[in-house]
Structure formats: C-alpha cells, structure tokens
Amino acid sequence: MPDLPPKPAAGVSRRTVARATAAAGLAVLFGAASGTARAGAATRLGPRTLDVSVPSAALGRSAPVRLILPSDFGARPERTYPVLYLLHGAHDDYTSWTRETDIEAFTEGRDLIVAMPDAGPTGIPSVWRGGPDYETFQVKEVPALLAREYRASGVRAVAGVSTGGYGAMAHAARHPGAFKAAASFSGILDTTAPGVPAIMDAIVARENLPAASLWGHPLLNLLTWRDFNPRARAAGLRGTALYVSQGSGVGGGSGGDPLPGVLESALWPSAQGFAGTLARLGIRATTHLYSGGGHDWPYWKREFTASWPMLAHALGVPE
C-alpha cells in the first residue's frame with residue numbers, strides 16, 4: 001500500500017524501549033494465549049503480527065483472527081488500545097489485508113490494535129439461516145477476547161472491502177454505538193437493490209452452498225433480507241462517522257481484466273441508493289462515488305488512504 005499517508009515519527013527513546021522489550025513481551029503474550037481455555041493457540045508471524053484461533057459458540061467451531069499489535073505493546077503492560085477491524089471480501093480470507101497491503105508497516109508506531117477476523121469462504125459476515133453466525137463472532141466474541149487477553153479498549157472502528165464493506169456498514173447499523181466509525185470500499189450496501197440478490201446468490205453458490213442458506217429466498221423471506229440490509233437499517237448509523245466509496249466501473253478495472261469493472265458497475269446503484277438514504281435521514285457521511293474504478297485492491301488501497309483521517313480521529317490516534 002505505497003500510497004498510504006506517512007506515519008508521524010516516533011520518539012527515539014520510545015522506539016528503543018519498544019524494540020528492546022518486544023520479544024520478551026510477546027513471548028509472555030503467546031504463552032498466556034496458548035495456556036488458557038478462553039482462546040486457542042496463537043501463532044507468531046512477525047514482531048507484531050500473530051494469528052489467534054478463537055473458539056466460537058456462534059460458529060460452532062474455532063475460527064482465526066489475525067492481529068497486529070501496537071509497537072509498544074510489550075513495553076506498556078498497563079495500557080489499553082483502540083481497535084481497527086478490517087474485514088475481507090468474498091472468496092478470500094482473514095489474511096487478505098496483510099497479503100494485499102502494507103498495513104503492518106503503516107500501523108507501526110501507531111497506538112492501536114488491528115484485528116482481521118475470518119468471515120468464512122463467502123466473506124459475508126452475517127447470521128446465516130440455520131447456520132454460522134459471523135455477525136456475533138465479529139461484533140461480540142472477538143471484541144470480548146481482545147478486551148480480555150490483548151488489552152483492547154472499547155473504542156472501535158471497522159472497515160471492509162466488497163462483502164467486508166457490507167459487513168462494516170451492517171455491523172455498525174445493526175449494533176448502534178458499537179463502532180465509532182465505519183468505512184466501506186465497494187461494499188454491498190443495498191442487498192435488495194435490482195440485481196444485487198442475484199450477486200449475493202452467486203457468491204454463495206460459488207462456494208457450493210445453497211443460495212437460500214444465507215437469508216432464504218429474497219422474496220419469500222423479504223423481511224429477513226431487509227433486516228440484514230445496511231440501507232434498510234441506515235437509521236442505526238446516526239452518530240457513527242462514515243466513509244462510503246464506490247466506482248462506476250465504466251471502463252474500470254486493472255490489468256486488462258474487465259471483470260472487476262463489470263462487478264463494480266453492478267454495485268454502483270446499490271451505493272448510490274445507500275448514500276441517498278443517508279442524506280434523506282440527515283446522517284452525515286463522507287462519500288466518494290467516482291467514475292471508473294474496479295472491484296479490486298488498487299482502488300481499495302487508495303480509498304483506505306482517503307478514509308484514514310476519519311478512522312484515526314474516531315480511534316483517537318494521530319493521522
């Protein structure tokens with residue numbers, strides 16, 4: 001993510017202390033995590049990055065969460081930290097943000113925890129019909145674990161790409177006050193807009209799951225579809241700092257592949273309808289509905305950069 005804004009320089013003494021104590025502090029942390037029944041084993045991936053297996057009653061199994069800890073985590077055991085939740089998109093997983101961006105380097109020296117929870121193979125973090133409850137996992141179980149074992153404060157912001165953008169807005173709308181800010185990059189923000197139910201069904205079907213296993217039939221179970229629709233639940237976003245970005249997809253995409261531009265174009269009316277609903281309700285939001293673009297990471301990295309000042313302000317950390 002080379003286009004992210006520059007980090008403020010950290011003080012020499014703070015950085016020296018953090019480097020000197022990081023290994024010891026994290027060693028204690030990993031030992032504690034693997035020795036408790038409340039969390040599964042933690043796998044260290046780098047000086048600040050780890051994967052934690054979280055036993056989940058909502059999912060009926062353990063699921064992974066990737067964490068990036070603050071640079072001074074091991075040096076300041078008395079401190080609590082705000083949390084930025086980053087949600088992945090469809091047919092991807094919880095590793096996507098560290099694989100596709102430089103979020104680890106970007107957050108070095110910033111006093112926050114980054115949490116990237118799993119949302120299953122479809123990347124739709126919702127309550128499935130008679131199935132897993134990824135909403136409870138992400139909104140309740142993971143925050144409880146972070147508060148209990150990783151000194152997370154109650155200050156949270158959430159951002160996501162594609163179906164993760166859906167999750168960011170749906171979580172914030174369905175749980176008012178749970179997040180100080182929410183950002184969506186090419187998210188599915190009106191699940192009942194023309195053509196969107198077919199897109200949702202296609203995402204589910206690609207993972208060899210019955211289409212009705214998500215929220216049921218979009219007409220026969222319309223009330224359920226509306227209940228999980230960010231646009232229908234938009235009133236719950238009042239008081240939350242919001243960033244909404246979406247490209248028109250016309251002539252967009254990258255690398256000569258037309259599919260990202262086509263998909264972005266298909267979601268364009270959904271974003272417009274969502275933004276219009278916010279405006280009618282008098283809910284303030286920063287919207288960037290731009291020409292072109294594609295449903296892929298080059299655009300999402302740029303939009304994360306644009307949303308960062310808002311997210312940082314909500315989290316109480318320097319830009």
Asp111 vs Arg79 side-chain heavy atoms within contact, under 4.5 Å: yes
Ile199 CD1 to Leu267 CG distance, which is reported to the nearest 0.5 Å: 4.5 Å
Distance-only donor-acceptor check, side chains Thr277 and Arg280, under 3.5 Å: yes
CA sep, side-chain torsions, deciding dist, call: Asp190, Val196, side-chain contact (heavy atoms from CB on, under 4.5 Å): CA-CA 8 Å; Asp190 183 358; Val196 175; 5.8 Å; no
Heavy-atom pair of closest approach, residues Ala119 and His88: N-NE2, 3.0 Å
NE2 (His288) with more than 12 external heavy atoms under 6.0 Å: yes
Pairwise side-chain contact, Thr286 with Ser307, heavy-atom cut-off 4.5 Å (strictly under): no
For Glu135, all residues meeting salt bridge (charged side-chain N to carboxylate O under 4.0 Å, His left out), sequence neighbours excluded: Arg174
Sidechain N-carboxylate O distance under 4.0 Å for Arg76, Glu78: yes
From CA spacing to verdict: salt bridge (charged side-chain N to carboxylate O under 4.0 Å, His left out), Asp92, Arg99: CA-CA 11 Å; Asp92 211 327; Arg99 185 181 69 245; 2.8 Å; yes
Whether Thr163 side chain and Ala90 backbone form a donor-acceptor pair below 3.5 Å: yes
Stepwise side-chain contact (heavy atoms from CB on, under 4.5 Å) check, Asn221 with Trp215: CA-CA 7 Å; Asn221 304 105; Trp215 301 316; 5.9 Å; no
Side chain to side chain, Phe304 and Leu311, heavy atoms closer than 4.5 Å: yes
CD on Gln138 to OG on Ser56, rounded to 0.5 Å: 10.0 Å
Nearest heavy-atom neighbours spanning Tyr85 and Leu146: OH-CD1, 3.5 Å
Rounded distance (nearest 0.5 Å) linking atom CE of Met116 with atom CG of Asp93: 11.0 Å
Common cluster, Tyr94/Leu87, ILVMFWY with side-chain heavy-atom separation under 4.5 Å: no
For Ile283, the rest of its hydrophobic cluster, which grows through side-chain links under 4.5 angstrom: Met169, Leu189, Leu237, Leu242, Val244, Phe274, Leu278, Leu281
Residue pair Leu45, Arg66: steps toward the side-chain contact (heavy atoms from CB on, under 4.5 Å) verdict: CA-CA 9 Å; Leu45 304 175; Arg66 177 158 292 182; 3.2 Å; yes
Co-membership, hydrophobic cluster, residues Tyr243 and Val155, 4.5 Å side-chain: yes
Hydrophobic cluster membership, Val142 vs Trp128, 4.5 Å side-chain cutoff: yes
Phe137 vs Pro132 side-chain heavy atoms within contact, under 4.5 Å: no
Pair Arg129, Thr224: side-chain N/O donor-acceptor within cut-off below 3.5 Å: no
Linked, directly or transitively: Leu214 and Leu222 (ILVMFWY side chains, under 4.5 Å): no
Side-chain donor-acceptor pair present, Glu104, Thr98, cut-off under 3.5 Å: no
Closest heavy-atom pair and its distance - Ser62, Pro55: OG-CA, 3.4 Å
N/O donor-acceptor pair under 3.5 Å between Ser248 side chain and Ser265 backbone: no
Arg226 CZ: over 12 foreign heavy atoms closer than 6.0 Å: no
Validation row: Trp297, Val161 side chains within 4.5 angstrom (heavy atoms): yes
Shortest non-hydrogen separation from Trp268 to Gln246 and the atoms involved: CZ3-O, 3.4 Å
Least distance between heavy atoms, Ala115 atom then Val83 atom: CB-CG1, 4.0 Å
Heavy-atom check, side chain of Arg48 versus side chain of Ser71, under 4.5 Å: yes
Heavy-atom donor-acceptor pair, Arg233 side chain to Ala170 backbone, under 3.5 Å: no
Euclidean distance, His91 NE2 relative to Ser96 OG, rounded to 0.5 Å: 13.0 Å
Between His217 and Trp225, ring centroids under 6.0 Å: no
Heavy-atom closest contact (Glu141 atom, Ala58 atom, distance): OE2-N, 3.1 Å
Nearest-0.5 Å distance that lies between atom OG in Ser126 and atom CZ in Phe228: 4.5 Å
More than 12 heavy atoms of other groups within 6.0 Å of Arg206 CZ: no
Distance (rounded to the nearest 0.5 Å) between Thr191 OG1 and Met200 CE: 6.0 Å
Test side-chain contact (heavy atoms from CB on, under 4.5 Å) applied to Ser245 and Tyr299, step by step: CA-CA 10 Å; Ser245 71; Tyr299 300 96; over 6 Å; no
Close side-chain approach of Ile188 and Ile203, heavy atoms under 4.5 Å: yes
Tyr150 vs Leu50 side-chain heavy atoms within contact, under 4.5 Å: yes
same_hphob_cluster(Phe106, Leu86) at 4.5 Å side-chain heavy-atom cutoff: yes
